[in-house]
Amino acid sequence: MTVGRRAFLLRRVLGLLAAVWTVVTVVFLYVEVTPYTEAGSGGDGVPVASGGPLLGRYLDWLAWLVTVPDPVVGPLVESTGYTLVYLLPAAVLAVCTGTLLRVYSVARETDLLDRSLDVVALVGLSVPAFVLAFLFGRFLLVEYLSVLGRLNVYNPSSGALSSQNLTAAVWPFLAMVGFLFAVQLHYAGEQLRGYASAPFVKTARAKGLSDWRTGWHLFRNTAATLLTVLLTDMYGAVLVAVFTVEFVTGTPGVGELMVEAVLGGDLALVLGLTVLLALVGVLTTFAEDLAYTLTDPRVTFDE
């Protein structure tokens with residue numbers, strides 16, 4: 001398939017803008033039909049359901065999103081830092097190890113190894129992330145957590161990158177690694193097995209290439225999908241896992257912030273988090289679509 005590079009990028013950007021506008025508008029309409037009339041953090045009201053023309057309220061809503069008040073931005077930025085400190089390294093470790101093992105097992109054509117990884121993936125997926133966090137805290141990290149003071153190990157006043165909080169992040173980090181590793185094993189196996197009998201794989205084996213060289217050919221043709229599955233296909237499940245793990249481990253991240261905002265009736269924070277998480281999902285889907293198209297050998301561009 002041959003397409004113009006500029007036309008391709010323009011269509012993708014327009015699609016991204018349309019998706020962002022849809023998310024923002026849907027959130028506005030949802031709040032309009034709820035019983036909220038005035039809410040906010042520190043006196044900063046959300047300009048919806050407050051009387052006046054609907055178009056005027058919608059424009060005020062867009063302006064509020066562009067100039068979100070500091071009492072909303074501050075907690076969002078701080079809580080996001082606590083979440084990313086353990087989630088990013090957990091995702092990188094899980095994606096790399098899960099993909100590496102699957103690439104090797106499929107390239108090697110050993111049913112025993114491949115089926116063993118299937119069992120590990122299914123067992124891991126059957127155990128919720130918060131259960132893993134509980135098991136780590138109750139049994140595997142008892143001595144470690146007792147030194148830190150068990151559950152209340154975070155010190156929010158010292159920042160996400162302080163030595164105490166980085167040490168405390170080991171608990172949610174290990175729980176998310178276990179969950180994300182099982183997810184990556186499962187989906188990487190499904191993707192790679194579809195290419196196991198492809199002509200280029202058969203050619204690589206016929207040439208006598210090693211298992212790792214054959215695996216490299218497999219990886220090149222599935223890299224975009226393999227490396228982004230957690231951010232697109234499993235984005236909702238990862239969010240649920242983050243919220244529940246942070247609840248169990250007492251991590252002051254976005255999950256705990258959302259729970260506190262909902263229970264406290266802080267509509268400004270709830271809407272800020274909702275829009276932020278929805279936009280992250282839209283942007284990651286856009287990035288995956290762009291990466292997949294740019295790495296797909298069946299797509300060529302007119303210069």
Side-chain angles (χ1 to χ4, degrees), residues 83-129 132 136 169-170 172-205 207 209-242 245 280-281 283-299:
T83 297
L84 293 180
V85 159
Y86 73 85
L87 183 59
L88 281 182
V92 171
L93 180 60
V95 168
C96 291
T97 54
T99 301
L100 185 66
L101 286 173
R102 276 303 193 183
V103 166
Y104 180 73
S105 68
V106 173
R108 189 175 175 80
E109 289 188 298
T110 55
D111 288 337
L112 178 59
L113 177 59
D114 207 39
R115 298 308 174 191
S116 299
L117 293 178
D118 284 339
V119 172
V120 172
L122 291 176
V123 171
L125 289 174
S126 66
V127 180
L132 288 177
F136 276 117
V170 171
F173 165 78
L174 291 176
M176 290 304 297
V177 165
F179 172 73
L180 298 179
F181 177 69
V183 170
Q184 189 67 11
L185 272 184
H186 176 69
Y187 280 90
E190 289 189 341
Q191 291 292 328
L192 289 168
R193 274 195 289 265
Y195 287 82
S197 300
F200 70 89
V201 176
K202 292 181 178 179
T203 301
R205 292 186 179 123
K207 290 182 177 179
L209 297 183
S210 66
D211 293 332
W212 286 115
R213 292 287 300 277
T214 303
W216 170 245
H217 287 288
L218 271 170
F219 176 76
R220 285 197 309 170
N221 286 273
T222 57
T225 302
L226 290 176
L227 299 181
T228 57
V229 64
L230 295 178
L231 295 176
T232 52
D233 296 352
M234 291 296 294
Y235 181 65
V238 171
L239 280 183
V240 172
V242 167
V245 165
V280 169
L283 291 172
T284 53
T285 301
F286 169 76
E288 182 198 28
D289 181 42
L290 195 64
Y292 185 81
T293 304
L294 293 176
T295 57
D296 191 336
R298 295 170 296 180
V299 179

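These values consider heavy atoms only, across backbone and side chains, with no hydrogens, waters or symmetry-generated copies.
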### Task
Take L101 and F181 through the side chain to side chain contact (heavy atoms under 4.5 Å, CB included) test and state the conclusion after the steps.
CA-CA 11 Å; L101 286 173; F181 177 69; 3.7 Å; yes
Going by atom type alone, with no hydrogens or angles, which donor-acceptor pairs under 3.5 Å involve a side-chain atom of residues 119-126 and a protein atom two or more places apart or on another chain?
residue: S126; atom: OG; partner: L122; partner atom: O; Å: 3.4
residue: S126; atom: OG; partner: V123; partner atom: O; Å: 2.7

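- Across G178 and L132, no two heavy atoms sit closer than the pair C-CD1, 3.9 Å.
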For residues 87-94, please give each side-chain donor-acceptor pair under 3.5 Å, one per line with the distance, not counting sequence neighbours.
none

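- Among all heavy-atom pairs drawn from M176 and V242, the shortest one is CE-CG2, 4.0 Å.
- Y86 places none of its side-chain heavy atoms less than 4.5 Å from the side chain of V177.
- Scanning both residues, L185 and G98, for their nearest heavy atoms gives CD2-O, 3.7 Å.
- Minimum interatomic distance between A241 and A129 (heavy atoms only, all atoms of both residues): CB-CB, 3.7 Å.
- No side-chain heavy atom of L180 sits under 4.5 Å from any side-chain heavy atom of V95.
- Each salt bridge (Lys or Arg N to Asp or Glu O under 4.0 Å) pair with one or both residues in residues 89-104, not counting sequence neighbours, appears once here: R102-D114, R102-D118.
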